[in-house]
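Reminder, nothing fancy here: chain letters follow the sequence lines and each chain counts from 1.
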Amino acid sequence: MTSESNKSYFGENLLRWYRKERRDLPWRRSRDPYHIWVSEIMLQQTRVDTVIPYFNRFMGRFPTLRHLAEAPEEDVLKHWEGLGYYSRARNLQSAAREVVERYEGAVPRVKAEVSTLKGVGPYTTGAILSIAYDQPEPAVDGNVMRVLSRYFCLEDDIARPATRVSMESLAQSLIPEGQAADFNQALMELGAMVCTPKSPSCPICPVGERCEGRLQGKERELPVKTKAKKARPVYRVAALIEGTGAFAGKVLVRQRPETGLLAQMWELPHIEVQDEEAWARLEEGAGSLEAALAEDGVRVRAATEVVGEAQHIFTHLVWRIKVLRASALEERFVEGSSGYRWIGPEQFEDYAWPNVFRKLLTEYFLQVQRH
DNA sequence: AATGCGGGGTT
DNA sequence: AACCCAGCATT
């Protein structure tokens with residue numbers, strides 16, 4: 001089981017493997033705690049390959065913690081566009097400002113101080129302390145739970161918070177003296193490159209010989225994890241409101257609320273409708289849309305002409321959106337209606353869009369350009 | 001303990 | 001289509 005000899009075998013072989021096979025990643029070229037921190041936030045629930053270009057752009061624009069702290073908030077969001085989980089961006093900047101104010105701009109080395117920073121939970125706390133400062137703290141993410149479940153043949157449900165806590169004790173006990181930074185990254189690297197979710201490459205695994213899960217033929221059943229619920233469909237009708245006169249060539253867009261889903265990003269004005277049947281009744285959708293916008297002081301006439309359709313998949317829900325052509329009854333309302341703005345292709349890139357609206361608007365502007 | 005929060009790759 | 005990813009905050 002979790003015998004001491006198996007533990008030392010595990011650490012030694014894993015480290016030897018890692019020092020030979022480690023990927024050359026941008027954030028591994030630095031020990032700057034700020035770089036480590038930013039990379040760890042970006043890597044939350046996000047693949048390495050996805051993060052790399054974002055990390056490089058981000059560091060180009062915000063080279064130091066102070067640059068990030070002093071930047072306009074919308075600038076930070078724009079650099080996060082397309083990466084998802086946008087509260088990460090706001091929490092990161094908020095925490096950077098706190099570090100400037102309370103710690104003179106230096107990322108703290110004290111566990112209690114690091115873990116209090118916004119957006120920094122148990123995993124990220126351990127990652128920062130171990131990778132940047134080589135402190136013997138565990139950094140248990142999905143990779144690590146999978147690797148440990150298999151190696152020690154642990155059948156606890158990794159969806160339970162209590163399991164993560166016990167894995168943290170185990171992971172900490174495995175850290176070889178003075179090698180926390182490499183060991184923690186090695187564990188995750190093994191999970192990402194060898195001990196993968198569906199078909200682990202046991203024959204090339206540096207610790208496969210003593211992997212209890214594999215010895216018991218259970219490597220494909222582990223880790224045990226309760227299933228997530230299926231995404232719920234949500235039906236929406238959006239308006240593509242075309243400007244005329246001084247606003248010709250522009251469309252009306254609005255900014256989402258401060259918090260919640262896709263917070264502070266920009267979108268086409270739209271409403272949610274009851275169900276798929278209501279969604280199919282264009283006449284009704286157009287009417288509801290006009291009424292809802294009028295509530296915001298935006299008077300429009302929506303047609304029953306569908307000019308675009310798209311689907312946006314989230315973890316917990318699926319948006320299905322029909323876009324109706326619409327026109328403004330008066331264009332002056334922009335000043336009076338907070339959050340609404342006329343934009344053309346020239347301003348498009350000045351705003352942060354969720355993928356679904358980026359796609360719809362790009363298609364629209366391209367189509368207009370051709371005519 | 002359960003839920004909200006993106007987007008994309010793998011199988 | 002299901003699963004999962006260098007998770008965290010809120011309730």
Show the distances under 3.5 angstrom between N or O atoms of the protein and N or O atoms of nucleotides 9-11 of chain C.
from: dA9(C); atom 1: OP1; to: Gly119(A); atom 2: N; distance (Å): 2.6

Using salt bridge (charged side-chain N to carboxylate O under 4.0 Å, His left out) as the criterion, list what pairs up with Arg220(A), not counting sequence neighbours.
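By the salt bridge (charged side-chain N to carboxylate O under 4.0 Å, His left out) rule, Arg220(A) matches no residue at all.
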Considering only nitrogen or oxygen atoms on both sides, find all protein atoms under 3.5 Å from nucleotides 8-11 of chain B and state each distance.
from: dG8(B); atom 1: OP1; to: Asn355(A); atom 2: ND2; distance (Å): 2.9
from: dG8(B); atom 1: OP2; to: Asn355(A); atom 2: ND2; distance (Å): 2.9
from: dG8(B); atom 1: N2; to: Arg47(A); atom 2: NE; distance (Å): 3.4
from: dG8(B); atom 1: N2; to: Arg47(A); atom 2: NH2; distance (Å): 3.2

Under the rule for side-chain hydrogen bond (donor to acceptor under 3.5 Å, both in side chains), what residues qualify as partners of Arg57(A), not counting sequence neighbours?
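For Arg57(A), no residue satisfies side-chain hydrogen bond (donor to acceptor under 3.5 Å, both in side chains) once neighbours in sequence are set aside.
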Listed nucleotide nearest any side-chain atom of [X], set [options]:
{"X": "Pro197(A)", "options": "dG6(B), dC4(C), dG7(B)", "result": "dC4(C)"}
{"X": "Ala192(A)", "options": "dA6(C), dG7(C), dG7(B)", "result": "dA6(C)"}
{"X": "Tyr123(A)", "options": "dC5(C), dA1(B), dC8(C)", "result": "dC8(C)"}
{"X": "Pro354(A)", "options": "dC5(C), dG7(B), dA6(C)", "result": "dG7(B)"}

Got a sec, which residues hit side chain to side chain contact (heavy atoms under 4.5 Å, CB included) with Tyr85(A), two or more places apart in sequence or on another chain?
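So Tyr85(A) forms a side chain to side chain contact (heavy atoms under 4.5 Å, CB included) with Gln45(A), Arg88(A), Thr315(A).
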Treating Ile, Leu, Val, Met, Phe, Trp and Tyr as nodes and any side-chain heavy-atom pair under 4.5 angstrom as an edge, say whether Leu14(A) and Met167(A) lie in one connected cluster.
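Same cluster.
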Let me spell it out: for each of Gln44(A) and Thr315(A), pick the nucleotide of DNA chain C with the closest heavy atom. Which residue's pick is nearer the 5' end?
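Per heavy-atom nearest nucleotide, the more 5' residue is Thr315(A).
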For the backbone of Arg236(A) and the side chain of Trp279(A), can you confirm whether one donor and one acceptor N or O come within less than 3.5 Å of each other?
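The answer is yes, because a donor-acceptor pair under 3.5 Å joins these two groups.
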Backbone N/O of Ala181(A) and side chain of Ser130(A): donor-acceptor pair under 3.5 Å:
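No; zero donor-acceptor contacts below 3.5 Å.
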Using distance alone, with no hydrogens and no angle criterion, decide if Glu212(A) and Gln216(A) have a side-chain donor and acceptor under 3.5 Å apart.
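Indeed, the side chains of Glu212(A) and Gln216(A) share at least one donor-acceptor pair under 3.5 Å.
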DNA chain C contacts among residues 126-143 of chain A, heavy-atom distance under 4.0 Å
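Only Asp141(A), Gly142(A), Asn143(A) qualify.
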Distance check needed: dA2(B) P versus Lys230(A) NZ, whole Å only.
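To the nearest whole Å, that distance equals 20 Å.
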